[in-house]
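Following: one structure in structure tokens, then a few remarks.
Only a predicted model underlies this, so the values are computations on that prediction, with no experimental measurement involved. Nothing fancy with the numbering, it's 1 onward along the sequence.
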Amino acid sequence: MRIGRHHLKNRLIVAPMAGVTDRPFRQLCKKLGAGMAVSEMVTSNSLLYGSAKTARRANHEGEVDPISVQIAGADPQMMAEAARHNVDRGAQIIDINMGCPAKKVCNVMAGSALLQDESLVGHILDAVVKAVPEVPVTLKIRTGWDREHRNALNILKIAENAGVQALAMHGRTRACGYTGEAEYDTIRAVKAEARIPVIANGDITTPEKAQYVLEYTDADAVMIGRAAQGRPWIFREIEHFLATGTHLPQPEVSEIHAVLLEHIHDLYAFYGDVTGVRVARKHISWYTRGLVGSSAFRHTMNQLDSVAEQLTVVNDYFAQAARADSRLRYETNHDNNSAQNMPPASRLAA
């Protein structure tokens with residue numbers, strides 16, 4: 001898998017997720033097996049370049065290559081300037097967001113709302129590619145605006161003509177949001193016509209599902225988002241399964257305890273203690289979701305406001321879990337590492 005001059009170590013990419021794929025999370029996913037991680041989207045509004053949030057999103061200190069930064073907006077020249085701004089601050093790949101379904105993004109004709117205006121799509125892509133000729137530009141889209149307007153094939157041609165070097169596609173329309181099942185027929189059709197790498201995204205939650213999507217769509221890579229929340233080691237699990245057809249055993253409690261501690265200490269350092277504790281809460285909740293005896297722990301965690309309290313409760317919980325079993329134990333009704341039912345081909349385009 002190549003994007004421009006960058007050769008990825010595998011076919012597994014972390015999806016950009018607002019409020020999730022900050023630098024600490026990207027670094028962790030890369031360490032645990034991801035070939036690339038795309039940043040949460042950065043605004044193209046130059047008036048916000050000096051904000052603390054935008055500055056953090058442009059902070060790539062110590063991050064493993066390649067550094068992919070996603071930009072969002074609807075004005076071609078502002079997007080071009082945003083691309084240059086981020087390349088000057090270390091971005092090695094510029095990704096353009098035309099896939100976000102959030103109302104606050106679509107209401108300003110950004111994100112997946114742009115799929116309604118193919119002419120504007122072309123102008124934005126042309127402007128960004130010309131603005132940063134030294135780095136590859138990639139594009140993230142959905143299959144279309146709604147089920148009656150799936151225009152991903154048209155967008156592919158526009159992207160290729162503009163010089164975009166890879167296309168990632170979520171298998172839902174903007175109108176679908178995150179409801180229902182992702183469909184892969186459109187991704188398969190786009191890949192069959194593409195001259196650039198195509199990355200499949202949507203509902204890839206297990207090693208079996210990753211293998212299925214790669215084989216069904218013939219995509220060059222898969223992009224994983226929500227399934228990596230609290231389970232950043234899913235990338236090594238998928239890589240192992242694709243190579244061997246077998247599952248890795250559940251991780252040892254001691255290892256995940258150490259991984260979580262490293263992650264939250266990075267969050268404290270990145271955001272400062274006050275914001276770091278707040279950001280860490282959701283990650284701690286995701287890490288322990290479905291684990292035996294974790295419900296009361298998560299409730300307690302959400303009441304804590306200091307680093308010391310948070311660390312004490314985390315350490316106590318994992319010490320107790322390690323005494324019960326050396327490996328992570330999930331509730332019996334929590335399906336965490338088994339194949340999801342594969343949707344029949346007749347339902348994929350529903």
Side-chain angles (χ1 to χ4, degrees), residues 1-8 11 13 15-16 35-39 41-44 46 58 60 65-100 109-144 150-170 186-201 217-223:
M1 176 66 184
R2 296 186 67 90
I3 298 178
R5 66 179 183 275
H6 303 289
H7 183 249
L8 308 189
R11 308 165 72 187
I13 299 172
M36 187 174 81
V38 184
S39 77
M41 62 184 177
V42 178
T43 181
S44 63
S46 60
H60 311 291
D65 295 349
I67 297 168
S68 177
V69 175
Q70 186 180 79
I71 60 175
D75 179 86
Q77 293 312 309
M78 289 178 68
M79 290 287 279
E81 179 56 35
R84 285 190 288 264
H85 177 83
N86 282 281
V87 167
D88 288 345
R89 284 152 183 79
Q92 297 168 326
I93 297 170
I94 292 294
D95 185 59
I96 298 176
N97 183 330
M98 295 189 186
C100 180
M109 278 303 293
S112 55
L114 289 166
L115 300 177
Q116 297 174 96
D117 190 338
E118 294 180 3
S119 176
L120 180 55
V121 168
H123 290 315
I124 290 172
L125 298 183
D126 285 338
V128 173
V129 170
K130 290 175 183 175
V132 288
E134 70 277 22
V135 304
V137 174
T138 61
L139 175 64
K140 176 91 187 296
I141 67 170
R142 289 193 162 221
T143 57
R150 285 181 173 144
N151 59 339
L153 275 170
N154 291 348
I155 301 297
L156 167 71
K157 299 306 179 186
I158 294 168
E160 289 180 333
N161 290 337
V164 167
Q165 297 195 36
L167 178 72
M169 190 186 319
H170 185 104
T186 305
I187 300 175
R188 183 179 186 175
V190 166
K191 172 56 185 174
E193 298 290 329
R195 304 191 308 270
I196 59 176
V198 172
I199 302 158
N201 175 225
T217 65
D218 198 31
D220 299 277
V222 288
M223 180 173 275

For residues 65-80, tabulate all N or O donor-acceptor pairs below 3.5 Å that involve a side-chain atom, not counting sequence neighbours.
{"unit_1": "D65", "atom_1": "OD1", "unit_2": "Q92", "atom_2": "NE2", "d": "3.2"}
{"unit_1": "D65", "atom_1": "OD2", "unit_2": "Q92", "atom_2": "NE2", "d": "3.4"}
{"unit_1": "Q70", "atom_1": "OE1", "unit_2": "N97", "atom_2": "ND2", "d": "3.0"}
{"unit_1": "Q70", "atom_1": "NE2", "unit_2": "D95", "atom_2": "OD2", "d": "2.8"}
{"unit_1": "D75", "atom_1": "OD2", "unit_2": "Q77", "atom_2": "N", "d": "3.1"}
{"unit_1": "D75", "atom_1": "OD2", "unit_2": "M78", "atom_2": "N", "d": "2.8"}

**Report entry** Distance, nearest 0.5 Å, that separates CG of L115 from OG1 of T143
**Finding:** 8.5 Å

Query raised in the report: CD1 of I93 to CD of Q165: how many Å apart, nearest 0.5 Å?
Result: 9.0 Å

Report task. Would you check if the side chain of E160 reaches a backbone N or O of K157 as a donor-acceptor pair within less than 3.5 Å? Result -> no

Query raised in the report: Does L167 offer a backbone N or O that forms a donor-acceptor pair with the side chain of T138 under 3.5 Å?
Result: no

Query raised in the report: For R84 and V132, what are the C-alpha separation, side-chain angles and deciding distance, and is it a side-chain contact (heavy atoms from CB on, under 4.5 Å)?
Result: CA-CA 6 Å; R84 285 190 288 264; V132 288; 4.1 Å; yes

Query - Intermediate values then yes/no, side-chain contact (heavy atoms from CB on, under 4.5 Å), V38 and M223 - result: CA-CA 10 Å; V38 184; M223 180 173 275; 4.2 Å; yes

Requested in this report: Looking only at non-hydrogen atoms, find the nearest pair between E118 and N151 and report the distance.
Outcome: OE2-ND2, 3.0 Å

Query - Value rounded to 0.5 Å, distance of CD1 in I141 from NE2 in H170 - result: 11.5 Å

Query raised in the report: Say you draw a straight line from CD1 of I96 to CE of M41; how long is it, rounded to the nearest 0.5 Å?
Result: 14.0 Å

Report summary line: Correct closest heavy-atom pair for N201 and A15 would be ND2-CB, 4.3 Å

Query raised in the report: Minimum heavy-atom separation for G35 to L8, with atom names?
Result: O-CD2, 4.0 Å

**Report entry** Heavy-atom closest contact (A189 atom, L153 atom, distance)
**Finding:** O-CD2, 3.8 Å

Query raised in the report: Do R2 and D220 meet the salt-bridge criterion of a basic N to acidic O distance under 4.0 Å?
Result: no

Requested in this report: Could you grab the distance from atom NZ of K140 to atom SG of C100, nearest 0.5 Å is fine?
Outcome: 9.0 Å

Query raised in the report: Can you name the nearest heavy-atom pair linking V190 to L156, along with the distance?
Result: O-CD2, 3.6 Å

**Report entry** Heavy-atom closest pair, residues L139 and A159
**Finding:** CD2-CB, 4.1 Å

Report task. Output the distance between atom CD1 (I155) and atom CE (M98), rounded to the nearest 0.5 Å. Result -> 7.5 Å

